[in-house]
2 protein chains.
Amino acid sequence: MKATIKDVASLAKVSIATVSRVLNNQDNVSLETKRKVQLAMHKLDYQPNVLAQRFVRNISHLIAVVIDERGMTAMDQFILVLLQGVFKVTKPRGYDVILIPGTDLDVNYKSLVAMFNQNMYDGVILTSPTKNQLPYLNLLQAKVPVVVSGRVPEGIPISTIDNDNVKATYVATKYLLELGHRRIAYIGGPSYYWVGEERLNGYKKAISEAGLTISPELVVEDSFDFAGGYRSLQQLLACGADFTAICVYNDPMAIGTIKGLKDRGYKVPGDVSVIGCDNLPIGMMVEPALSTIQSNISQVGEITAKLLFEALEGGESEVTHNLLPLELVKRESCRILA
Amino acid sequence: MKATIKDVASLAKVSIATVSRVLNNQDNVSLETKRKVQLAMHKLDYQPNVLAQRFVRNISHLIAVVIDERGMTAMDQFILVLLQGVFKVTKPRGYDVILIPGTDLDVNYKSLVAMFNQNMYDGVILTSPTKNQLPYLNLLQAKVPVVVSGRVPEGIPISTIDNDNVKATYVATKYLLELGHRRIAYIGGPSYYWVGEERLNGYKKAISEAGLTISPELVVEDSFDFAGGYRSLQQLLACGADFTAICVYNDPMAIGTIKGLKDRGYKVPGDVSVIGCDNLPIGMMVEPALSTIQSNISQVGEITAKLLFEALEGGESEVTHNLLPLELVKRESCRILA
DNA sequence: TTGTAGGCGTTATCAG
DNA sequence: CTGATAACGCCTACAA
């Protein structure tokens, strides 16, 4: 049988209260007894039962991270990078991370609340920025500590952290404009998601500010993967669109776009320039186009977790909406190989 | 304050024992009292405190999944797909999954054992197939229920599940041979990992069986990502290697390889044929070569979890080493777009 | 600085 | 079929 606090106490000839004190290294224990206890713990190979600790403290020491189908899709798998950031914060604090696969937050928020009420986790990080208010309201009403990595509907008092998606495509498009391009197309991800909408807005903003009009036939959207990029390009060409450059939602799509262009005999860059926004801090681009905007997902994860702990520890914490700056990384065609 | 089993008992005018019985739907409760209790639970919005349940049952209801740097790398991120399979098994059983980021199992196995002794998890799935015996021995000695997704050193009595990696490259290479190729190169991932070694062996086996000799200058290895594939090709050419086809470790590498070939002016396929093994059940290939071997990682995850539960529930369970069959998927160059 | 004792919410073992 | 009641391992006033 595994040694308990009692065994340690009797071996060290002290009370269990004293053992508990050194276990949680409180300072009201004499050095001598402390040593005695530690010796006993060592001899018995004593390991505190965290299940008991969690029970008596009423703290699960578990952080839930909800990942939707976007996160589970290997194609746009920012979630792993996000988790790296989360771990950086949770691990030192003795918290573990449980993953909640939820294909649809709208459907599953009830079980999220139930899980919280059963003490299955202490706080939750959402990565499924649904535009529906109801899930958030229910979470709030149940007083579930929650932070969102992404965006949240207007008027919902929940802290969020996200990349500055508007700026991403804004900067990218502006870069193309500065190079002299005037007919710039945009290939976007699904505008069902915030990200998709925001990145589209960044493109529009840059175009408008340049005094140009936004041609509807130059703007298409599709799924945020390779195939989506390829299809989008076909769609652009099918409508007889005329452009010298394309701003693309993300890297996988950009790769598809470039492939499509080449299949049609275009030179890239040359006939057409392509710029993509990159979700990951690695060189995934097969055909780096002009340059790429890099977002720091890992940092998003880190800050998300930090905010959650503030809410956990500090009780009432301020609601903040953080936009992380983006890095504009210019890549040469062979930079990847350096 | 949250309602407890006591509140329910007093409202329903029964003992807490009875409430506990209906909670765990035992059959020794009269229908009438059962209804009374359920009504009370409903009225109080009672949710059992799982922390108390876990404590008294001495079961954490948590499965740990250890992911090493390979899993954390977005490039070869089979881990998400693996987890999908794991969830399929854990969720219905009321288990949650905690992620243990471990860059090096050799270093961290001690904390794994400690965590187990503290009841932080009930069983662990390893995805870091180190060739070092010690970590496994320590886990076994501590009687930690463990299943490995991958391979395990000779003589270690731990159940494993993996794809048939030898067969993967064997089939791929054989396919190239059947097409008439005689000078076939191999670009592999790091042979530090089992997978790397096994896939290399599959290639060798096919070449040997065809009565050909394995030319060392036709075999190179590098990191299992895009850049690794690109570098490998450079290395092949630098040595003046002469080949008409290449068998590549995985998709990201294959993409790099193809890019390298094209940069040098080769037609692919045409001058050189490339075949890659795919870790994921999605079309990630930018330039699908001849065909690709697809491995069912999600199924690996599912079976891994099932085996773990057998060990958990059934006590002593048989040690098995399962090799999952691979699908040979022939892809046309435009299949992705279909 | 230390010990005593009560309590956390459930489960499980007895009697009845 | 139901009810007391003793665990489970640890924490924390409160007392000494």
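In what follows, every chain begins at residue 1, and chains take the letters A, B, ... in the order their sequences are listed. Computed from heavy atoms alone, side chains included, the values below leave out hydrogens, waters and symmetry copies.
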Would you indicate which nucleotide in [options] comes nearest to any side-chain atom of [X]?
X	options	answer
R57(A)	dT11(C), dT2(D), dC11(D)	dC11(D)
S30(B)	dC1(D), dC11(D), dT2(C)	dC1(D)
F55(B)	dC8(C), dG9(C), dG3(C)	dG9(C)
V56(B)	dT2(C), dG7(C), dG9(C)	dG9(C)
A17(A)	dG9(C), dG3(C), dA4(D)	dG3(C)
Y46(A)	dC8(C), dC10(D), dT2(D)	dC10(D)

Do the side-chain N or O atoms of [X] get closer than 4.0 angstrom to the phosphate oxygens (OP1, OP2) of [N]?
X	N	answer
S20(B)	dA12(C)	no
Q53(B)	dT11(C)	yes
T4(A)	dC8(D)	no

So what does [X] hit on the nucleic acid, given a heavy-atom distance under 4.0 Å: a base, only sugar-phosphate, or nothing?
X	answer
R21(B)	base
V19(A)	nothing
N49(B)	sugar-phosphate
N58(A)	nothing

[X] [atom1]: over 12 foreign heavy atoms closer than 6.0 Å:
X	atom1	result
R35(B)	CZ	no
K13(B)	NZ	no
K2(A)	NZ	yes

Nearest-Å distance for atom pair [atom1]/[atom2], residues [X] and [N]:
X	N	atom1	atom2	value
K6(B)	dG6(C)	NZ	P	14 Å
N28(A)	dA16(D)	CG	C1'	15 Å
M120(B)	dG9(D)	CE	C1'	16 Å
I16(B)	dC8(C)	CD1	C1'	12 Å
L51(A)	dT10(C)	CG	C1'	13 Å
D27(A)	dT12(D)	CG	P	14 Å
R54(B)	dC8(D)	CZ	C1'	16 Å
K36(A)	dT1(C)	NZ	P	14 Å

Check your understanding: Minimum heavy-atom separation for S149(A) to T304(A), with atom names?
Key ->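 Shortest heavy-atom contact: CB-OG1, 3.9 Å.
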Review point. Of I5(B) and V29(A), whose closest DNA chain C nucleotide lies nearer the 5' terminus?
Key: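 It is V29(A) whose nearest nucleotide is closer to the 5' end.
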Review point. In terms of the angle between their ring planes, are H61(B) and Y95(B) parallel, tilted or perpendicular, with boundaries placed at 30° and 60°?
Key: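 Tilted.
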**Study point:** Heavy-atom check, side chain of F309(B) versus side chain of I63(B), under 4.5 Å
**Key:**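 Sidechains of I63(B) and F309(B): in contact.
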Review point. DNA chain D: V50(A) or K34(B), which has the more 5' nearest nucleotide?
Key: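 Its nearest nucleotide lies further toward 5', so the answer is K34(B).
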Practice item. Nearest-nucleotide wise, let me know which of A52(B) and S15(B) is further upstream toward the 5' end of DNA chain D. Key: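 Its nucleotide being nearer the 5' end, the pick is S15(B).
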